[in-house]
Number of protein chains: 2
Amino acid sequence: MQLIDAKKQFVQAWGALGSQWGINKTMAQIHALMMLSNEPLSTEDIMEQLSISRGNANMNIRELTDWGLVSKVFKAGERRDYFVGEKDVWKIAKQVAKIRKTRELDPILNLLNSIKNLDDSSKSEEVKHFQKMVDDVHKLATNVDRLIEGIFKAEQNWFWDKVLKLFAKH
Amino acid sequence: MQLIDAKKQFVQAWGALGSQWGINKTMAQIHALMMLSNEPLSTEDIMEQLSISRGNANMNIRELTDWGLVSKVFKAGERRDYFVGEKDVWKIAKQVAKIRKTRELDPILNLLNSIKNLDDSSKSEEVKHFQKMVDDVHKLATNVDRLIEGIFKAEQNWFWDKVLKLFAKH
DNA sequence: TTAAAGTTTCAATTAATTATGAAAATTATC
DNA sequence: GATAATTTTCATAATTAATTGAAACTTTAA
């Protein structure tokens, strides 16, 4: 396989993966391009390589910048903006986890807290079951929350070494 | 708060969470209803509680059944189908992980394998960088794969006990 | 200061996804 | 085996999400 084809396949697959996880396809594809490129890319480069409009490119580059996965760089003697993507996949994963935790997990934890105390003190089976389910979900969500917090602090090698060892015996 | 409002909020939040992770909102809401209900629910019940059409209800119940999160039950003397949802949140999480691993992670791993060997033996910086990135992503994906495999085998308490202990010192 | 280059915005359009509902198919009951 | 109840299918409609492209805005440098 040629480099150019391999790149295309990677970009395409990254876009598809993003879509399946609620991330705009174009955003994921731009991210893929940025990961694969040694050199900073301009908006023009991205428009060309993905055959997309200027507005689309601009908006998704901004979104990636907001996520902290891409940053602007200045090229000497060049007027236009160039961008580079974070290349460390562990950092990328952590960053995505951090953002999604804040946006999605934290609100769910708040909601679960607020609904677990009902006025209804009837202790009916229905109420008891509801409270048990909410509590179970809350416990799992809290554990996931702590796991993510742990990941933020951990080093990649340390983390995988420890985690994978856990399962080695089984 | 009253039970009925708390349920509504939970169902609504579960739907929103699903949407953000590439799962049809209605499918997630039906799943929420099923989790919260002690009793089996019929298609009619679901149509009524979520104000959705029969076709929509039917399709999403089937999808949940395919995911192994809901099963059909027979009610004595009743002609229509009733459904119950899995109530064990750990099992639910494992099942979702299993399905998404198969559908999404495994294909990505295959792709990464197939693109890492290029005809281009030029050892240009460009080729080297590409191969390094693909390799890094592949390593991370493989570790995630193993983590999920481990989760399948582990018991909930054992798993969280071990994992959370890992981070206790830090 | 101005005009050319580059960037951003956003209303309008297009594309993709979901939902509807009625007809067809299936299943149970008499 | 006719019919009534229920489920499934799927073409079409509705909704939601993504994209375009041109105008407005900003920056640079002559």
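Any value given below was found using the heavy atoms of this structure, including those in side chains, with hydrogens, waters and symmetry copies removed. Order of the sequence lines fixes the chain letters, A, B, ..., with proteins taken first and strands second; residue numbering starts at 1 for each chain.
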query = Once you round it to whole Å, what is the distance between C1' of D:dA17 and CD of A:E63?
reply = 13 Å
ask   = What integer distance in Å separates B:E48:CD from C:dT20:P?
value = 15 Å
Phosphate contact (C:dA19 OP1 or OP2) by B:N24 side-chain N/O below 4.0 Å = yes
query = Under 4.0 Å between a side-chain N or O of B:R54 and OP1 or OP2 of C:dG21?
reply = no
When all nucleic acid strands are considered with a 4.0 Å heavy-atom cut-off, which category describes [X]: base, sugar-phosphate, or nothing?
X: B:N56; value: base
X: A:R79; value: base
X: A:N58; value: base

Closest-nucleotide ordering on DNA chain C, the 5'-leading residue of B:M27 and A:E78 = A:E78
task = Please tell me which of A:G55 and B:G55 maps to the more 5' nucleotide of DNA chain C, matching each residue to the nucleotide holding its nearest heavy atom.
result = A:G55
query = If you check every side-chain atom of B:R62, which of D:dT19, C:dT7, D:dT9 has the closest atom?
reply = D:dT9
task = For residues 46-56 of chain A, pull every pair meeting side-chain hydrogen bond (donor to acceptor under 3.5 Å, both in side chains), keeping only residues two or more places apart or in separate chains.
result = A:E44-A:R54
query = For A:K91, does the NZ atom have more than 12 heavy-atom neighbours from other residues, nucleotides or ligands under 6.0 Å away?
reply = no
inquiry  = Tell me whether A:R100 forms a cation-pi arrangement with B:W21, defined as NZ or CZ under 6.0 Å from the six-membered ring centre and within 45 degrees of its axis.
reply    = yes
request  = For B:K72 and for A:T26, locate the closest nucleotide of DNA chain D by heavy-atom distance; then report the residue assigned to the nucleotide nearer the 5' terminus.
outcome  = B:K72
key: Pairing residues for A:F130 by the ring-ring contact (aromatic ring centres under 6.0 Å, His included) criterion, not counting sequence neighbours   = none
